[in-house]
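Every number for a ligand or one of its atoms is a count from 1 in the order of the listing. Values reported hereafter were calculated over all heavy atoms of this structure, with side chains retained and with hydrogens, waters and symmetry mates removed. Values in this document were obtained by computation on a predicted structure and should not be read as measured data.
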Amino acid sequence: MSGSVMTDQLRADGSLRHLLTLEGLPRTQIERLLERSQGFVRPLGATPAMSRSLAGATVANLFTEPSTRTRVSFELAAKRLGAQVVNLEVQLSSRVKGESMLDTVYTLQSLHVDAFVIRDAEAGVLGLVAANVAPHVSVLSAGEAHVSHPTQGLLDALTVYQRKQRFEGLAVAMVGDIRHSRVARSAWHALHTLGVGDLRIVAPPALMPERDEFAGCTRHTQLATGLKDADVVMMLRIQKERMGQGDLPQGAAYFAAWGLTRERLALARPDAIVMHPQPMNRGIEIASEVADGPQSVIRDQVRNGVAVRMAVLAEVLTSRAGGA
Ligand code: ASP
């Protein structure tokens, strides 16, 4: 599987300009983003964190794939920092996608858009846009094909840290459709960089990634060995939209072999946390009693998503020459 076009994400002074992937991002930069994110987290029921720090900036959300949480949380994040937001759902045929996307971006750039938040099903389109925008403009990934979902990786790392207060010494099991998952790739990049030593990918052979990916992770094709004494169990959705018909496991059969039930979760540590990026296929990769159970931090992940997107927007827009 091909990766995205690599574009330099940092400015000459080391500040973050684009966020397309967590791969290769320095640990100090990831830690800085997590610290900044934590500063935006508020308990449920309290007034959300808000400021006018991005007043005068404009953020455009360009989504060519469906999204609920990511799009809404990027929009709330921008608005809670005082930026203006435009949302576009773009339908482009893949043949003309790169060019049409650039035309759309140039138009919006002329309308003073400062940051583009883009989700696209094709690897490479985000890199193309990032390589062609004006120097004061930033591009942020909201999910690129199977390749990366960096703000998800950050919110996952933040959620782990809030519950465990460390990364070193943790055993993290990522379970399910790793092969097609951008969430697993970004979690791997974040957690590996942050020092998680025991990082496991746990999947049936058909859903395992190629051998040259996920360096530093151990591979488990048995759920029981993968879950054993894990501190964190990260369940992943079966990505039907990225599979051929042939390799699609049947729902009930998949659940019987790979679904996370209460009994199976008991193989992990008693204080293990359960994560899922959503949308969940309840009764396929996870039982409802686990998704809604006491070890689940799935709703924390959603709450942390807004905080992380605020931190990333603040980081790229206020570190420009002249600020927001
Ligand atoms: N919402 C996540 C993503 O966009 C996870 C998923 O769709 O399974 O990748």
Side-chain angles (χ1 to χ4, degrees), residues 1 3-4 19-23 61-77 87 89-90 117-126 140-160 172-191 201-204 206-209 213-214 232-243 247-249 251 254-255 258-260 274-286 290-291 296-309 312:
M1 289 183 173
S4 64
L19 186 62
L20 305 190
T21 177
L22 300 178
E23 188 173 14
N61 285 323
L62 290 176
F63 281 65
T64 69
E65 268 197 321
S67 170
T68 309
R69 279 156 299 277
T70 306
R71 202 199 57 72
V72 170
S73 59
F74 260 116
E75 178 172 357
L76 286 175
N87 292 310
E89 269 163 42
V90 208
V117 175
I118 302 179
R119 167 170 289 195
D120 195 62
E122 202 180 300
V125 172
L126 272 115
L140 307 177
S141 170
E144 176 177 7
H146 62 279
V147 175
S148 73
H149 195 348
T151 55
Q152 178 78 42
L154 291 170
L155 77 87
D156 287 342
L158 182 63
T159 307
V160 168
V172 178
M174 299 191 278
V175 183
D177 185 0
I178 312 288
R179 185 178 178 83
H180 303 100
S181 176
R182 55 192 175 207
V183 174
R185 286 178 176 80
S186 285
W188 160 50
H189 294 145
L191 296 175
I201 51 175
V202 189
L207 299 180
M208 270 288 175
E213 282 196 285
F214 288 89
V232 176
V233 180
M234 187 184 291
M235 300 306 294
L236 295 162
R237 182 175 69 89
I238 297 286
Q239 306 269 311
K240 291 183 187 145
E241 70 277 28
R242 294 184 223 290
M243 289 179 189
D247 48 357
L248 196 66
Y254 186 85
F255 185 70
W258 285 91
L260 188 66
V274 175
M275 304 173 70
H276 192 302
Q278 304 201 65
M280 280 183 274
N281 294 307
R282 289 170 182 262
I284 298 183
E285 70 260 358
I286 191 166
V290 174
S296 169
V297 294
I298 295 170
R299 291 181 195 154
D300 291 9
Q301 289 174 270
V302 180
R303 179 201 58 188
N304 288 335
V306 181
V308 160
R309 289 161 185 139
V312 170

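- When each atom of ligand 1 is checked for a heavy atom of V183 under 4.0 Å away, the hits are 2 (C), 5 (C), 9 (O).
- The nearest heavy-atom contact from the protein to atom 5 (C) of ligand 1 is Q278 O, 3.3 Å.
- Considering backbone and side-chain atoms together, Q152 places no N or O closer than 3.5 Å to any N or O of ligand 1.
- Close N/O approach between R69 and ligand 1 is not found [any backbone or side-chain N/O within under 3.5 Å].
- Counting heavy atoms from C-beta outward, V183 and D156 have side chains that approach closer than 4.5 Å.
- Under the 4.0 angstrom criterion for non-hydrogen atoms, S181 is not in contact with ligand 1.
- The closest approach between a heavy atom of E65 and any atom of ligand 1 is not below 4.0 Å.
- Under the 4.0 Å criterion applied to side-chain N and carboxylate O atoms, R69 and E75 are not assigned as salt-bridge partners.
- The shortest contact between atom 9 (O) of ligand 1 and any protein heavy atom is with R182 NE, 2.8 Å.
- Contact check on R185 versus E23 returns no salt bridge, with no Lys/Arg side-chain nitrogen under 4.0 Å from an Asp/Glu carboxylate oxygen.
- Taking every heavy atom of both residues into account, A184 and L236 meet most closely at CB-CD1, 3.6 Å.
- Set against the non-hydrogen atoms of R119, the atoms of ligand 1 under 4.0 Å away are 4 (O).
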Side chain to side chain contact (heavy atoms under 4.5 Å, CB included) between V202 and M174: does it pass, once the steps are laid out? CA-CA 6 Å; V202 189; M174 299 191 278; over 6 Å; no

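- The single protein non-hydrogen atom nearest to atom 7 (O) of ligand 1 is R237 NH2, 3.0 Å, given as residue, atom name and distance.
- A donor-acceptor contact closer than 3.5 angstrom links the side chains of H276 and E285.
- Closest approach of H149 and R119 over heavy atoms only: NE2-NH2, 3.4 Å.
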